[in-house]
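Hydrogens, waters and symmetry mates are skipped; everything else that's a heavy atom, side chains included, is used. Computed from a prediction, not measured in an experiment: that's the story for all the values here. Here, residue 1 is the first one in the sequence, and each next residue gets the next number.
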Amino acid sequence: MGGVERADIANSNTHYRFYPFEVFLERQRDVGFRKVDLFGATPHVWIDAYEATDGKEIRKKIRNAGLETGVFIPEFSSMRYTLGSLGAAREKTRDYLKRCFEFASGLGCDVLVIGANGFSLDREEDERGLQFEESLSCVCAMARAFGMKIALENHFSDGTDMIRTIEDMRQCMSRQKEENLFVAVDTASVYEAKETLGQWFDAFGDRVIYVCLSNTRFDGARRYWGDGYLNLQELVDTLDGNGYRGAIGCDCMVREYLSAPWKADESTARMLDWVLKRRESK
């Protein structure tokens with residue numbers, strides 16, 4: 001009947017940081033996911049400005065588990081490497097990104113989802129804007145060399161991020177004419193900003209190539225499905241109504257989930273199954 005299918009939706013390893021990568025893969029298979037989005041942070045992946053884990057080895061592990069690779073998400077959250085870095089730190093960030101592209105190439109990914117955080121709040125807005133444009137152009141040039149796409153994601157709760165709202169993204173996309181620059185939408189950030197997923201599709205249409213179905217209590221945290229306030233049925237209906245066929249992920253990261261992360265996955269899987277079966281019965 002068309003529309004979003006369960007096999008289209010990937011789950012992230014973000015909340016499995018206290019468990020081996022093999023445990024993450026096993027649990028995804030157990031709850032019925034067929035794709036995994038990979039967050040490029042320790043302990044599952046090591047990447048810095050000097051060396052990186054072998055993406056081909058990680059790809060082999062994913063395939064051996066009977067799973068497919070979704071998107072790759074470089075780790076900017078530590079502020080160690082960010083698009084807002086200056087001076088020597090900026091050069092190290094670019095070395096880090098080159099390693100990320102090399103890793104993603106071995107992984108078999110063609111989409112990198114990145115955030116635009118780390119921009120110092122004591123600097124003038126125009127100055128931060130010019131730095132952002134220059135950094136983003138550099139990232140897109142790197143991506144072209146690897147035949148990859150960049151999906152720039154909104155992060156409302158991070159005040160150092162240059163893309164927090166629809167208007168931020170609209171201004172960025174109007175200034176940047178890079179053919180390989182696309183839009184990624186995090187639903188928790190969308191609703192924290194008092195926007196809707198439908199408004200993002202109205203604004204950017206088929207430039208949206210990644211949607212992260214993250215839940216929230218409007219506290220800046222990404223909750224699992226069943227532990228937040230968003231309506232998953234409405235989000236899936238919006239994806240279907242816009243004929244969306246791009247990448248879809250699920251991501252949650254709250255500290256209390258880390259001890260038994262599969263419980264979050266089990267709840268998310270139950271809700272996804274319920275929503276999709278309910279749609280089919282209409």
Side-chain angles (χ1 to χ4, degrees), residues 1-12 35 37 70-71 73 111 113-117 149-158 161-176 178 180-253 267-282:
M1 60 178 293
V4 174
E5 301 293 341
R6 183 74 150 75
D8 298 329
I9 302 172
N11 201 27
S12 168
K35 289 183 181 180
D37 291 336
V71 303
I73 307 168
V111 175
V113 178
I114 65 170
N117 69 318
K149 300 173 183 176
I150 293 297
L152 184 63
E153 191 172 39
N154 58 320
H155 293 115
F156 183 81
S157 61
D158 187 345
D161 203 292
M162 298 296 288
I163 304 295
R164 303 177 68 226
T165 66
I166 288 173
E167 185 55 32
D168 293 338
M169 187 70 81
R170 182 182 285 117
Q171 290 184 20
C172 172
M173 298 301 285
S174 68
R175 291 191 294 264
Q176 295 282 346
E178 307 284 354
N180 62 340
L181 179 62
F182 294 85
V183 174
V185 187
D186 169 56
T187 57
S189 287
V190 165
Y191 284 85
E192 194 181 359
K194 297 181 173 58
E195 299 170 342
T196 69
L197 182 58
Q199 289 172 336
W200 277 78
F201 276 108
D202 289 343
F204 305 109
D206 60 8
R207 299 303 292 177
V208 178
I209 63 169
Y210 178 70
V211 174
C212 181
L213 292 175
S214 54
N215 206 350
T216 183
R217 295 179 188 169
F218 306 110
D219 55 2
R222 289 177 170 181
R223 305 274 171 174
Y224 65 76
W225 288 100
D227 189 31
Y229 300 154
L230 299 190
N231 188 318
L232 183 57
Q233 182 73 65
E234 289 182 359
L235 295 176
V236 170
D237 287 347
T238 299
L239 294 176
D240 286 348
N242 284 275
Y244 181 72
R245 301 305 299 163
I248 304 170
C250 289
D251 184 17
C252 59
M253 186 56 252
S267 179
T268 290
R270 283 194 299 271
M271 287 201 65
L272 286 169
D273 289 340
W274 180 81
V275 164
L276 295 175
K277 288 178 181 175
R278 185 171 180 266
R279 179 193 61 186
E280 291 172 1
S281 66
K282 288 183 179 179

| Under the side-chain contact (heavy atoms from CB on, under 4.5 Å) criterion, do F204 and R170 qualify, and how do the steps go? | CA-CA 8 Å; F204 305 109; R170 182 182 285 117; 4.2 Å; yes
| Is the closest side-chain heavy-atom distance between L272 and C250 below 4.5 Å? | yes
| Any side-chain heavy-atom pair from L197 and Y244 closer than 4.5 angstrom? | no
| message | A side-chain contact here means heavy atoms from C-beta on lying under 4.5 Å apart; do L276 and E5 qualify? | response | no
| Would L152 and F182 count as a side-chain contact (heavy atoms from CB on, under 4.5 Å) if you check the C-alpha gap in whole Å, the side-chain angles of each, and the deciding distance to 0.1 Å? | CA-CA 6 Å; L152 184 63; F182 294 85; over 6 Å; no
| Residue pair T216, Y229: steps toward the side-chain contact (heavy atoms from CB on, under 4.5 Å) verdict | CA-CA 6 Å; T216 183; Y229 300 154; 6.0 Å; no
| message | Apply side-chain contact (heavy atoms from CB on, under 4.5 Å) to residues M169 and I166 and explain how you reach the verdict. | response | CA-CA 5 Å; M169 187 70 81; I166 288 173; 5.8 Å; no
| said: How long is the straight-line distance from CE of M271 back to CZ of R278, given to the nearest 0.5 Å? | reply: 10.5 Å
| said: Between D273 and R270 (side chain of the first, backbone of the second, donor and acceptor by atom type, cut-off under 3.5 Å), is there such a pair? | reply: no
| said: Within the 4.5 Å heavy-atom criterion, are N215 and D227 side-chain neighbours or not? | reply: no
| query | Do R222 and E153 sit within salt-bridge range, that is, some charged N less than 4.0 Å from a carboxylate O? | reply | yes
| query | Are side-chain heavy atoms of E234 and D237 found at a separation under 4.5 Å? | reply | no
| note | Between R245 and V4 the two heavy atoms that sit nearest each other are NH1-N, 3.8 Å
| said: Between N242 and G198 (side chain of the first, backbone of the second, donor and acceptor by atom type, cut-off under 3.5 Å), is there such a pair? | reply: no
| field | Non-hydrogen atoms of D240 and G3 that approach each other most closely | value | OD1-CA, 3.2 Å
| message | Would you say that N231 contacts Y191 through its side chain, given a criterion of any heavy-atom pair below 4.5 Å between the two side chains? | response | no
| How long is the gap from CZ on R223 to CG on D251, to the nearest 0.5 Å? | 13.0 Å
| Atom CD of E192 and atom CG of L230: how far apart are they, to the nearest 0.5 Å? | 10.5 Å
| request: Could you tell me whether the side chain of W225 and the main chain of L213 form a donor-acceptor pair under 3.5 Å? | output: yes
| request: Over all heavy atoms of both residues, which pair between L181 and R207 is shortest? Give the atoms and the distance, please. | output: O-NH2, 2.5 Å
| query | If you round to the nearest 0.5 Å, how far is CE of M173 from CD of E178? | reply | 10.0 Å
| note | Exactly one of W200, Y210, F201 clears side-chain contact (heavy atoms from CB on, under 4.5 Å) with V183, and that residue is W200
| request: Taking all non-hydrogen atoms of both residues into account, name the closest pair between I209 and D206 and its distance. | output: CG2-O, 4.2 Å
| With side chains defined as the heavy atoms from C-beta onward, is the minimum distance between L235 and L239 less than 4.5 Å? | no
| message | Quick one: does any side-chain atom of D168 pair with a main-chain N or O of R164 as donor and acceptor, under 3.5 Å? | response | yes
| field | Shortest non-hydrogen separation from N117 to D158 and the atoms involved | value | CB-OD2, 3.3 Å
| Atom of A188, atom of S214 and distance for their closest heavy-atom approach | N-OG, 3.2 Å
| said: Run the salt bridge (charged side-chain N to carboxylate O under 4.0 Å, His left out) test against D37 and tell me which residues pass, sequence neighbours left out. | reply: none
| query | Would you say N154's side chain and D186's backbone share a donor-acceptor pair under 3.5 angstrom? | reply | yes
| Spatial distance of atom SG (C252) from atom CG (N11) [nearest 0.5 Å] | 7.0 Å
